[in-house]
Structure formats: C-alpha cells, structure tokens
*Asks:* 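Please see the structure below; I have some questions.
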Amino acid sequence: MLNPAFEAKELLLNSGTLAEKCMKCGRCSASCPSYGEMDIRPHQFVSYLQRGDAESLLSSTTLWKCLACFACVQRCPRGVAPAQLIEAVRLASIRQQGGDRINPDDIPAEIDNEMPQQLLVAAFRKYKG
Amino acid sequence: MVFDYYPGCTLKTKAKELDIYARKAAEKLGFELREFEEWQCCGAVYPMGVDAVAGKTPSVRALKVSQDNGRALVTLCSACHHVLKRVNHKVEEDAALRATLTAYDDELTYDGKTEVLHFLEVLRDKVGFDKLADAVTNPLTGRKIGAYYGCLLLRPGAVMAFDDPENPSIIEDFIKALGATPVKYAMRNECCGGYISLGEPEMSSRMCHKMVDDAKGQGAEELITACPLCAYNVKKQTGDGLPITYFTKILAEALGLDVEGVQPC
C-alpha cells in the first residue's frame with residue numbers, strides 16, 4: 001500500500017483547492033442537502049484530508065452522496081470548496097482497478113421513457129473511472 | 001442578432017420542447033440561434049479534478065468554434081451552461097491547462113475568451129425584459145408561477161455570474177415580463193438530487209418534495225425550470241403535486257406562438 005499521507009497530498013493537489021484554509025465553521029455541512037446521508041460530513045471531510053487520512057475517505061459513503069450542487073462551494077467563507085475535495089477522492093476511488101460503481105449492462109432495466117440523457121451521462125461521469 | 005447555439009444531447013431527445021420553443025421565440029424576438037455542426041456532449045457534469053482534462057475537451061471544441069465564428073455561444077440546458085461556462089472560465093485562468101490542451105491537440109489551443117450566455121441572459125441583457133414585455137401578445141395574467149433555479153445556473157456564483165446565487169431574480173423578472181405573477185420561495189435554488197435519482201430515488205424524492213412544498217406554501221400554482229434533470233426529478237418524485245414545465249414553453253405561449261404538437265416535459 002502506498003504511504004497514506006502521500007496519497008492524501010496527491011488528492012489535495014488534484015482537488016485544486018486549499019484545505020488548510022478551512023476555519024472549521026461548519027457552514028458546508030449546514031448547507032449540504034446530503035448531510036444526513038454522509039458518514040463523514042463535509043466539514044469533517046476537510047479535516048480528514050488535512051490529517052492525511054485518505055484511507056477513511058476512500059471508503060466513506062460521502063463520495064457517493066455528494067450531488068455536486070455546489071452549495072458548500074458557494075457558502076464557504078474561506079474558499080475551500082469542499083465539493084472539489086470530495087471529487088478528488090471520488091476520482092481516486094473510481095479510477096482504481098474494479099472501482100466502477102455503475103455497470104452499463106444494468107442500465108436498461110433502470111431506464112424509463114422520460115429519463116433524460118443528461119441523467120445517464122452525469123451518472124457515468126460520476127460512477128465510472 | 002445571431003448567436004452560436006449549443007443545444008446539448010437532451011434537447012435533441014427528451015427535452016425537445018425546451019429547444020423548439022426557444023428557437024420559435026428567438027425568431028419572434030428578432031434574434032437567431034445558429035446551431036453549429038458536430039458539437040459534442042458536454043458530459044453533463046463539470047470535470048472538477050485538476051487532472052480531468054479529457055472531459056473538458058468537448059466544451060473547449062465548442063467554445064473554440066464560437067471564437068472562430070466571432071459570436072457569443074448560447075445554451076439552454078442548465079447542465080450544458082454550467083459545464084461550458086466553467087470550462088471557459090478555467091481555461092481562461094489556468095495557463096497550465098491551456099498548455100496541456102495544446103499538447104493534447106493543436107486544435108484545442110484556446111484562450112477562454114468566448115462569451116457564454118444562457119438564453120435567459122440573452123433575454124435579460126441583449127433583448128431586454130422591457131422589450132420582451134412589449135412583444136407579449138398573450139399575457140399570462142393571473143398565473144402564479146414559481147421559478148425553480150436549481151443548482152447549476154447559479155453556483156459557483158463567482159464563475160457562473162448568472163445572478164445573485166442566494167437570492168436570484170432573473171427568472172422572476174422573466175415571469176413578470178410575460179404578464180404572470182412570480183412566486184418567490186426559499187428553496188428555489190436548492191438541489192433536486194441530480195443524478196442520484198438513478199440509484200437512490202428516495203434521496204431525490206426528499207429534496208423535490210421539500211422544494212415543491214415550499215413553493216406551494218408560498219402560493220405557486222406551477223413551476224418552471226431550464227434543466228431537463230430538474231424537470232424529470234420533480235415530475236417523477238412529486239407526481240402532479242405542482243406542474244413543472246420549461247421556461248421556454250411559457251415564453252412561447254406568451255408570445256402567441258403555437259405550443260401544440262410538442263410533448264410536454
């Protein structure tokens with residue numbers, strides 16, 4: 001296994017944002033429509049990365065509950081952009097061997113006649129490496 | 001006025017009426033949406049990762065076509081608008097990304113200078129809501145309409161620069177110009193759940209119900225949106241709790257254009 005501290009550093013780089021600017025106000029978590037579904041809340045997510053604990057984040061439900069609605073990005077008073085941090089870890093997860101969260105063969109059964117292409121395209125972007 | 005036009009995948013299939021009414025309305029209002037050839041799907045979500053360069057290339061190609069054409073690029077779908085606008089902004093501010101794009105393909109050499117406009121911005125900033133009001137022949141008097149903005153048009157506000165991300169008014173002003181009564185409600189810029197409805201519809205259901213209950217509570221009798229996924233989720237999750245349609249449909253209606261023959265969303 002790679003050095004987890006090193007991995008966290010890589011993840012931070014790919015997020016394009018600065019987790020160390022976080023002042024722990026919790027406004028991201030207060031704004032998050034998926035807050036109740038996440039095992040590691042957005043404000044905690046930032047702290048985990050600061051501590052270098054990429055392993056916990058890679059197995060957290062948070063990766064699959066973030067909707068990329070950007071409420072946290074909009075409301076963060078320090079410009080930390082938590083959604084970008086979550087995205088960086090999500091990318092690391094789906095890019096692993098066997099990391100796909102969606103199988104094209106399962107899709108036809110999920111489709112209804114009104115479902116917009118936009119939904120499927122977005123889901124493939126978010127769930128498949 | 002001629003604008004380049006990027007319809008996106010869904011407007012060619014499940015959200016045809018978002019496209020058709022907009023084109024008809026544009027004609028009546030004296031501007032043209034000129035769809036260019038061989039646009040590629042924007043990917044529906046903005047590729048946020050710093051190393052997610054390939055996902056940005058379809059947008060860059062479209063933006064570059066408009067730059068070469070010397071025209072602003074107009075979108076209708078909230079997702080397309082979000083992705084194209086953010087890719088444009090990122091390319092403009094990030095020299096390393098520009099270098100990577102060029103290294104990837106000479107044809108991707110682009111500086112991020114194309115003006116990206118949502119159709120609603122064209123109505124507000126190029127046509128003018130006062131001129132739009134003048135063109136209305138069939139005012140929607142007495143209709144109480146709630147604007148459902150969702151996430152993608154507004155956030156992040158610093159990049160999208162569409163309207164005040166926390167207290168927007170562009171769609172309410174649009175509704176007013178059509179002679180109807182806009183109904184403001186707090187949840188109008190909250191998320192419908194987006195793509196989560198594929199695997200976890202109950203999450204989307206919770207969000208859509210909260211939003212619709214709020215709109216109803218404030219007196220809205222119908223909702224309008226610019227986003228095919230918002231329209232789908234709200235309709236699917238809340239049934240006929242509050243009818244939701246595309247903003248271009250009520251635009252065509254107010255302009256006295258034929259709105260028959262196209263399936264409602």
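Quick note on labels: first sequence line is chain A, next is B, and so on, each numbered from 1.
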*Asks:* Using a cut-off of under 4.5 Å on heavy-atom pairs, state which of A/A68, A/A123, A/A71 scores highest against chain B.
*Replies:*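 Most heavy-atom pairs under 4.5 Å with chain B: A/A71.
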*Asks:* Can you measure from CG (A/L67) to CE (B/M207) and round to the nearest 0.5 angstrom?
*Replies:* 4.5 Å
*Asks:* Out of B/A15, B/G193, B/C80, return the one with the most heavy atom pairs under 4.5 angstrom to chain A.
*Replies:* B/G193
*Asks:* Picking from A/E87, A/E110, A/M115, which has the most non-hydrogen pairs under 4.5 angstrom with chain B?
*Replies:*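 Between A/E87, A/E110, A/M115, the count favours A/M115.
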*Asks:* Identify the heavy atoms of A/V121 and B/C41 that sit nearest to each other, and give their distance.
*Replies:* CG1-SG, 3.9 Å
*Asks:* What is the distance from atom CG of B/L152 to atom SG of A/C69, rounded to the nearest 0.5 Å?
*Replies:* 9.0 Å
*Asks:* If you check every heavy atom in residues 35-44 of chain A against those of chain B, which residues fall under 4.5 Å?
*Replies:*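 Residues in range: A/E37.
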*Asks:* Under 4.5 Å from any heavy atom of chain A, what part of B/P165 do you find: side chain, backbone, both or neither?
*Replies:*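 Interface part for B/P165: side chain.
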*Asks:* Drop me the distance from B/I196's CD1 to A/K65's NZ, to the nearest 0.5 angstrom.
*Replies:*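 Answer rounded to 0.5 Å: 6.0 Å.
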*Asks:* Measure the spacing between CD of A/Q84 and OH of B/Y46 and express it to the nearest 0.5 Å.
*Replies:*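 Interatomic distance, A/Q84 CD to B/Y46 OH, rounded to 0.5 Å: 7.5 Å.
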*Asks:* Side chain, backbone, both or neither: which part of A/V73 has a heavy atom under 4.5 Å from chain B?
*Replies:*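 For A/V73, side-chain heavy atoms alone lie under 4.5 Å from chain B.
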*Asks:* Using non-hydrogen atoms and a 4.5 Å limit, figure out which bit of A/R90 sits close to chain B: side chain, backbone, both or neither.
*Replies:*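 For A/R90, the contact with chain B is made by the side chain alone.
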*Asks:* Give a yes or no on whether A/Q96 atom CD has more than 12 heavy-atom contacts from other residues, nucleotides or ligands under 6.0 Å away.
*Replies:* yes
*Asks:* For A/N113 and B/K14, work out which heavy atoms get closest and say how close.
*Replies:*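 Heavy atoms only, the tightest pair is O-NZ, 2.6 Å.
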*Asks:* Who wins among A/P33, A/S34, A/G16 for the most heavy-atom pairs under 4.5 Å with chain B?
*Replies:*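 Maximum pair count with chain B is reached by A/P33.
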*Asks:* Tell me, out of B/C227, B/G194, B/P47, B/G49, who's got the most heavy-atom pairs with chain A below 4.5 Å.
*Replies:*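 The residue among B/C227, B/G194, B/P47, B/G49 with the greatest pair count is B/G49.
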*Asks:* Looking only at heavy atoms, which of residues 102-109 of chain A get nearer than 4.5 Å to chain B?
*Replies:* A/I102, A/I107
*Asks:* Between B/K210 and chain A, with a heavy-atom cut-off of 4.5 Å, which part of the residue counts as in contact: side chain, backbone, both or neither?
*Replies:*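 Neither part.
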*Asks:* Indicate yes or no for a side-chain donor-acceptor contact from A/Q74 to the backbone of B/G157 under 3.5 Å, with no hydrogens or angles considered.
*Replies:*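 Checked: pair present.
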*Asks:* Output yes when a side-chain donor or acceptor of B/D51 lies under 3.5 Å from a complementary backbone atom of A/N14, and no otherwise.
*Replies:* no
*Asks:* Which atoms of A/L119 are under 4.5 Å from chain B, going by heavy atoms: the side chain, the backbone, both sets, or neither?
*Replies:* both
*Asks:* Using non-hydrogen atoms only, which part of A/C72 is less than 4.5 Å away from chain B: side chain, backbone, both, or neither?
*Replies:*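 Contact with chain B: none, neither part.
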*Asks:* Side chain from CB out, backbone as N, CA, C, O: work out which of these in B/C42 comes under 4.5 Å of a heavy atom of chain A, or both, or neither.
*Replies:* backbone
*Asks:* Sort A/Y127 into side chain, backbone, both or neither according to what part of it lies under 4.5 angstrom from a heavy atom of chain B.
*Replies:*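 Contact with chain B: side chain only.
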*Asks:* What distance separates A/S31 OG from B/E166 CD, expressed to the nearest 0.5 Å?
*Replies:* 7.5 Å
*Asks:* With side-chain contact (heavy atoms from CB on, under 4.5 Å) as the test, would you mind laying out the steps for B/V45 and A/F124 before giving the verdict?
*Replies:* CA-CA 10 Å; B/V45 289; A/F124 272 92; over 6 Å; no
*Asks:* Measuring heavy-atom distances to chain A, does B/C77 have an atom under 4.5 Å in its side chain, in its backbone, in both, or in neither?
*Replies:*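 Interface part for B/C77: side chain.
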*Asks:* Please state whether the rings of B/H82 and A/F70 are parallel, tilted or perpendicular, taking 30° and 60° as the class boundaries.
*Replies:*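 B/H82 vs A/F70 ring planes: parallel.
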*Asks:* Are the side chain of B/K235 and the backbone N or O of A/E114 linked by a donor-acceptor pair below 3.5 Å?
*Replies:* no
*Asks:* Any luck finding a side-chain donor-acceptor pair between B/T10 and A/Q118 under 3.5 Å?
*Replies:* no
*Asks:* Enter the distance from A/L120:CG to B/Y195:OH here, rounded to the nearest 0.5 Å.
*Replies:*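 Reported to 0.5 Å precision, the distance equals 14.0 Å.
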